[in-house]
Amino acid sequence: MKPAFLIVFLKEFKETLRDKRALGLLALFTLMYPLMLGYMLNQQIKRATQSEREGMELAVIGAAQAPNLMAQLKQKNITVQPVADMDEEAIGALLRARKVVALLRLDPAFGEHYQAMRPASIELWYDSASDNSQRQRDVEEVLQHYSSNISSARLLAHGVSPATMTPIRLQRYDTGSSAARSAGMIGAILGFLFFPAFICGLSAAVDSTAGERERRSLEVLMAQPASPWSLITGKWLAAGSLAVIGITLELALAHGVLSWLPLEEIGMSWRVTSAQLAWVCVATLPLSLLAAGLHIALAMNARSFKEAQSILSLVTLIPMLPGLAVSMLELKTAMWMYLVPMLSNQTLLRELAKGQELGALPFVLTFLSSMLPALGAVAFASWRMKSERYVLSV
């Protein structure tokens with residue numbers, strides 16, 4: 001004979017699978033965050049590599065006055081479009097049309113000033129509201145390099161070594177790994193991957209407690225030869241199972257997206273292996289059970305179905321606060337972070353994304369930090385279930 005809690009679990013789980021609202025939330029939050037993360041990073045990669053893939057077109061007024069400059073621009077895969085002189089309004093219209101990245105306007109006396117070794121004026125016109133900021137910086141780098149070459153040539157012509165103008169040679173060495181940069185840039189977004197643990201099972205938890213009490217179907221269930229602990233455990237596992245399924249599929253999808261994207265194009269990498277992700281999913285399982293336990297315990301204390309939804313919609317935001325506080329205060333990773341539910345999961349995945357070698361202790365602490373409160377929430381709900389007057393609102 002099956003245990004009573006298992007019978008309740010199967011009954012609640014089957015009813016949940018028939019609930020389109022619960023399945024809709026599961027599908028939405030399973031797909032939303034990984035796809036959003038993939039889209040944001042893909043757009044960043046496209047912007048970073050757009051110049052190499054597509055080149056860029058630069059409008060130039062007075063291009064004939066600086067043939068060497070035009071040659072350097074072409075060497076950088078910049079297509080020069082000579083245009084006639086135009087006023088400020090016409091330049092603004094040209095840039096808003098997004099047909100060129102920017103516009104260079106050489107002073108009419110550029111050639112004369114250049115020959116006389118006086119500063120020759122070049123105007124760089126661009127639209128800061130466009131998405132061409134990276135390509136505009138590429139144009140500025142060419143101009144700076146062109147100016148530096150002219151300065152060096154003039155100094156040599158006067159018998160002065162260009163080295164006298166650079167008394168200090170600065171050399172930069174970046175010791176940060178691509179994995180560490182990845183964790184820093186993606187770390188804030190990784191935290192949201194665990195938020196669906198508090199959403200996927202919410203509808204099922206509220207409906208099986210406050211909903212059944214409002215529909216008076218809980219009376220029939222309590223009349224059965226089953227202990228309050230068995231009833232609550234079955235409902236808890238049914239709601240928690242949805243959250244476990246949702247968070248596992250979401251993490252797997254996010255892992256697939258991050259592994260597929262060419263993150264090396266923007267100096268990043270994703271070094272979390274499938275085996276490590278599997279252990280993260282195991283350590284995250286109690287987080288889903290904690291969310292289901294809290295939802296059931298709080299929903300039983302609500303006077304109505306609507307009140308339960310209102311309370312839980314606010315409670316689901318509380319687990320995000322420790323992660324936000326750590327991010328805003330820029331705290332370094334410490335062992336106590338693995339003792340805080342949800343923050344422990346965020347910290348675990350972030351450290352793995354950095355390529356850190358973690359022992360078994362962080363995984364064990366992450367597991368227990370959520371499992372122990374989850375059992376406490378279920379024990380509290382079972383204790384409240386013993387009171388017929390409380391449960392049936394009589």
Evaluate the side-chain proximity of [Y] to [X]: yes if any heavy-atom separation is below 4.5 Å, no if none is.
X    : Y    : value
L103 : E123 : no
V272 : V280 : no
L251 : F194 : yes
L94  : W125 : no
L41  : L258 : yes
M335 : L365 : yes
L124 : L104 : yes
I122 : L69  : yes

Check step by step if side-chain contact (heavy atoms from CB on, under 4.5 Å) holds for L58 and V139.
CA-CA 9 Å; L58 179 69; V139 174; 4.2 Å; yes
Return yes if some donor-acceptor pair links the side-chain N/O of [X] with the main-chain N/O of [Y] below 3.5 Å, else return no.
X    : Y    : value
H145 : E141 : no
Q276 : T273 : yes
S369 : T366 : yes

State plainly whether one hydrophobic cluster holds both [X] and [Y], where clusters connect Ile, Leu, Val, Met, Phe, Trp and Tyr through side-chain heavy atoms under 4.5 angstrom apart.
X    : Y    : result
M117 : I150 : no
L28  : Y33  : yes
L358 : L339 : yes

Looking only at non-hydrogen atoms, find the nearest pair between [X] and [Y] and report the distance.
X    : Y    : value
P319 : M342 : CB-SD, 3.4 Å
C281 : T248 : SG-CG2, 4.2 Å
A292 : A205 : O-CB, 4.5 Å
C200 : G246 : SG-CA, 4.2 Å

Show, in sequence, the C-alpha distance, side-chain angles and deciding distance for L31 and L253, and conclude whether the side-chain contact (heavy atoms from CB on, under 4.5 Å) test is met.
CA-CA 8 Å; L31 298 174; L253 181 58; 3.7 Å; yes
Just do the side-chain contact (heavy atoms from CB on, under 4.5 Å) check on L375 and W236 with the steps written out, would you?
CA-CA 10 Å; L375 295 175; W236 170 53; 4.0 Å; yes
Heavy atoms of other groups near Q81 CD, more than 12 under 6.0 Å:
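Counting neighbours around CD of Q81, more than 12 heavy atoms of other residues, nucleotides or ligands fall under 6.0 Å, so yes.
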Only one of V364, T333, L343, L361 clears side chain to side chain contact (heavy atoms under 4.5 Å, CB included) with Y338; which?
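Single side chain to side chain contact (heavy atoms under 4.5 Å, CB included) partner of Y338 among V364, T333, L343, L361: T333.
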What's the spacing between I232 CD1 and I296 CD1 if we round to 0.5 Å?
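It comes to 6.0 Å.
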